[in-house]
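Just the heavy atoms: all of them, side chains too, but no hydrogens, waters or symmetry mates, feed the values below. Remember, it's a predicted structure, so these values are computed and weren't measured experimentally.
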Amino acid sequence: MPLERILAIVHAQEPKATVQFLFWDDAPDVVGVGIADKPQADLDEVRRVMFDLHTGARVAETPPPSGLLETIRDLHTSLLSGFAGEM
């Protein structure tokens, strides 16, 4: 499915949303779309929605990180020696 069709699906499902970026993860048949509620959104306000490139179906959505989860991750990183703390 062409990327233009995926973008048309995004706009049909969320007409007031703004597409910020496209990205590809490890799955070859899936494309990610960064969607925000306003054009000048900060990166932490962008939802990442994954679409199947064959069907155009939404397969996953990652909400923006929450303040609490970011704080917990930062504590783990600083208290447990960097990368090992993130894991």
Side-chain angles (χ1 to χ4, degrees):
M1 178 175 294
L3 293 177
E4 291 84 8
R5 180 74 181 118
I6 297 291
L7 293 175
I9 291 168
V10 171
H11 288 298
Q13 292 177 353
E14 301 189 39
K16 294 183 180 183
T18 302
V19 173
Q20 299 288 328
F21 52 83
L22 298 173
F23 63 96
W24 286 261
D25 207 0
D26 293 334
D29 297 335
V30 176
V31 64
V33 182
I35 302 171
D37 293 331
K38 59 185 179 181
Q40 303 299 328
D42 292 330
L43 191 55
D44 61 345
E45 298 174 304
V46 177
R47 292 178 289 123
R48 287 135 186 99
V49 183
M50 306 302 287
F51 289 89
D52 184 300
L53 281 172
H54 298 289
T55 65
R58 227 180 242 233
V59 294
E61 182 170 344
T62 305
S66 72
L68 176 62
L69 290 178
E70 291 294 311
T71 302
I72 292 171
R73 190 200 69 201
D74 291 343
L75 284 172
H76 275 265
T77 302
S78 40
L79 295 176
L80 299 173
S81 304
F83 182 72
E86 287 185 39
M87 300 297 46

(request) May I ask you to decide if V10's main-chain N or O and Q13's side chain share a donor-acceptor pair within less than 3.5 Å? (result) no
- prompt: Hey, is the main chain of K38 close enough, under 3.5 Å, to the side chain of Q20 for a donor-acceptor pair?
  reply: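 Yes.
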inquiry  = Going by side chain to side chain donor-acceptor pair (under 3.5 Å), name the residues that satisfy it together with R5, two or more places apart in sequence or in a different chain.
reply    =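 Per chain and number, R5 pairs via side chain to side chain donor-acceptor pair (under 3.5 Å) with no residue.
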Below 4.0 angstrom, N of the basic side chain to O of the carboxylate: do R48 and E61 qualify?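 No, R48 and E61 are not salt-bridged.
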Atom pair [atom1] ([X]) and [atom2] ([Y]), whose distance is rounded to the nearest 0.5 Å:
X	Y	atom1	atom2	value
D52	T55	CG	OG1	3.5 Å
Q40	T18	CD	OG1	9.0 Å
K16	I35	NZ	CD1	15.5 Å
L22	I6	CG	CD1	9.5 Å
F51	L3	CZ	CG	11.5 Å
F23	M50	CZ	CE	4.5 Å

Of all heavy-atom pairs linking A12 and P15, the shortest is O-CD, 4.0 Å
M1 and I9 have their tightest heavy-atom pair at SD-CD1, 4.1 Å
Linking I/L/V/M/F/W/Y whenever their side-chain heavy atoms sit closer than 4.5 Å, directly or via other members, would F21 and L53 fall into one cluster? no
